[in-house]
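These notes concern the structure reproduced below.
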Amino acid sequence: MSFTVAIVGRPNVGKSTLFNRLVGKKLALVDDTPGVTRDRRPGDARLMGLTFTIIDTAGLEEADEESLQGRMRAQTEAAIDEADLSLFVVDAKNGLTPVDTALAEMLRRRGKPVVLVANKSEARGSDSGFYDAYTLGLGEPTPISAEHGQGMLDLRDAIVEAIGKDRAYAKEDVAVTDVDIPHSADEGEDEDEEPAYDETKPLRVAIVGRPNAGKSTLINRFLGEDRLLTGPEAGITRDSISVEWDWRGRTIKMFDTAGMRRKARVTEKLEKLSVADALRAIRFAETVVIVFDATIPFEKQDLQIVDLVLREGRAAVLAFNKWDMIEDRQAVLADLREKTDRLLPQARGIRAVPISGQTGWGLDKLMQSIIDTDRVWNKRISTARLNRWLETQQIQHPPPAVSGRRIKLKYMTQVKARPPAFMISCTRSDALPESYTRYLINGLRADFDMPSVPIRIHFRSPDNPYESKKRRT
């Protein structure tokens, strides 16, 4: 049975740097600005033979419960209650503060094991801060440098002593299933077969949108608990936080992301890091839900986010949030549908669902739209059906002649799914106009029921065996 460790401490003592060191990846945002981390972020840690779940938390500060800092503190306290052990990080370089003393008292009252960690111990003049840590009454501090990886062996020994050797090295029986084995959508499939959609496969979903569109509130409503930090302030979320739950027996891994503003407005380094983290979440996800504020939908940034998601090849679903604030719903819904078709022609047939993250209205319909869109994104069409379809399309609308020479489309096959991509062998592929490509894509959408997902078509001309031979005079 594995165990869970929470990293706690006041702001800017190096908690996220230690988190990244233990998980072996730069998952958490790190910056010199105090208070970068706001939500609690879990990760799989490895430390010299130990494997455990690690939780990065926001810096603990004394604040009013209703303020942003107060809500961040509540998230951190929830992580401490959830964990089996706390790593209490102090700054040996800058010494202790009254906040450290208050936090030590809070941890002592909870009665759970605590390992006192003196970070930045490699810095000159850190000895006084290290010895001051003894006054907290939490035992001997462990000197480390999270940034440089120093003191990790001592940290491992301190964790083992605090949690117990039997618990620290307990082996967990892990059943090997198809979920554990990485697989490609393109492996081992006969091109003339159309494989059935796997209803049990875990699904990765990213939630994106402008700041204050209600992304974190939506995920909290799905989970049925205040797992993510929310509030009226715009831009609360900074890290891309992943959460898991089951929906009708299927595992859903959902990523909350930072609000994405127009590029010209993003000037601070920290916000650039947050947006970059959101882009990584989009690339890792399979389906992306773009959350619109139904009271002010279709801002220019909304359209750019949808275009970005489609260019990345992800399956997309629109969620018009804050529907509980709309009065004339029928009129607004008709207007939204008209604008969706007109402003997003590249996503013809995209699923758009009105919801309320605050009340939970429409969330089942949103999840069903996510599943249906993922089904299309994974779709495969047999080569035989595609070539019959291609022949019909050319009869109905032949490719245009260029410079008096007709273009012939000879053969078509699907080369991959996720998103669906097709290859067409033809003569003079470089001369085929873009308008004919759009005609074929729209035909695929209509005839094979493939709305909303990106469709790629690549054209290839067969090699000319005489091209390299020069004509003799």
Side-chain angles (χ1 to χ4, degrees), residues 16 19 23 25-29 35-43 53 55-58 68 71-72 74-76 78-79 82 202-247 251-261 266 270-293 301-302 305-306 308-309 312 314-322 353 355-358 360 362-363 366-367 370:
S16 293
F19 174 86
V23 299
K25 301 175 185 176
K26 291 184 178 180
L27 294 181
L29 298 186
V36 171
T37 304
R38 288 176 170 173
D39 281 293
R40 59 188 198 264
R41 172 194 279 275
T53 300
I55 304 176
D56 189 21
T57 65
L68 176 58
R71 299 197 302 276
M72 289 163 60
Q75 287 285 321
T76 301
E82 176 187 337
L203 181 60
R204 299 190 299 266
V205 181
I207 307 293
V208 302
R210 289 187 290 117
N212 219 28
K215 301 180 291 297
S216 299
T217 303
L218 171 62
I219 295 178
N220 282 343
R221 179 60 63 177
F222 272 128
L223 296 175
E225 60 174 295
D226 291 334
R227 171 63 182 79
L228 299 171
L229 191 63
T230 61
E233 304 90 348
I236 289 178
T237 303
R238 284 174 172 168
D239 290 275
S240 293
I241 306 296
S242 65
V243 295
E244 283 190 16
W245 85 98
D246 283 346
W247 185 77
T251 300
I252 306 294
K253 186 168 187 176
M254 194 166 276
F255 296 83
D256 186 24
T257 64
M260 302 169 72
R261 297 195 299 165
V266 181
L270 184 55
E271 188 172 359
K272 289 180 180 178
L273 291 173
S274 296
V275 172
D277 209 27
L279 293 175
R280 281 194 294 272
I282 290 172
R283 296 184 184 110
F284 184 72
E286 296 162 327
T287 302
V288 179
V289 177
I290 302 102
V291 181
F292 284 42
D293 185 336
Q301 181 65 359
D302 291 325
I305 292 173
V306 176
L308 168 68
V309 170
E312 289 291 340
R314 304 300 96 180
V317 176
L318 304 186
F320 293 106
N321 195 22
K322 306 184 183 180
V353 185
I355 63 166
S356 171
Q358 194 71 40
L363 296 198
L366 174 60
M367 278 305 308
I370 291 171

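Values reported hereafter were calculated over all heavy atoms of this structure, with side chains retained and with hydrogens, waters and symmetry mates removed.
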Nearest 0.5 Å, what's the [atom1]-[atom2] distance between [X] and [Y]?
X    : Y    : atom1 : atom2 : value
F222 : W245 : CZ    : CH2   : 5.0 Å
I252 : L203 : CD1   : CG    : 4.5 Å
M254 : I370 : CE    : CD1   : 4.5 Å
L223 : E244 : CG    : CD    : 10.5 Å

If we only count heavy atoms from C-beta on, is the [X] to [Y] side-chain gap below 4.5 Å?
X    : Y    : value
V243 : D256 : no
L363 : I355 : yes
V306 : F292 : yes
L279 : L308 : yes

Shortest non-hydrogen contact from [X] to [Y]?
X    : Y    : answer
A316 : V309 : CB-CG1, 4.0 Å
T57  : A79  : CG2-CB, 3.7 Å
L366 : A319 : CD1-CB, 4.2 Å
K322 : N212 : NZ-O, 2.9 Å
D56  : S16  : OD2-OG, 2.7 Å
T257 : A281 : CG2-CB, 3.8 Å

| said: Looking at K215 and R210, would you say the former's side chain and the latter's main chain have a donor-acceptor pair under 3.5 Å? | reply: yes
| said: Under a 3.5 Å distance rule, please check whether E286 uses its side chain to pair with a backbone N or O of R204 as donor and acceptor. | reply: yes
| query | Does CD in E312 sit with more than 12 non-hydrogen atoms of other residues, nucleotides or ligands closer than 6.0 Å? | reply | yes
| Qualifying residue, where the test is side chain to side chain contact (heavy atoms under 4.5 Å, CB included) with V317 and the options are T287, V288, V205 |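 One option only clears the test, and that one is T287.
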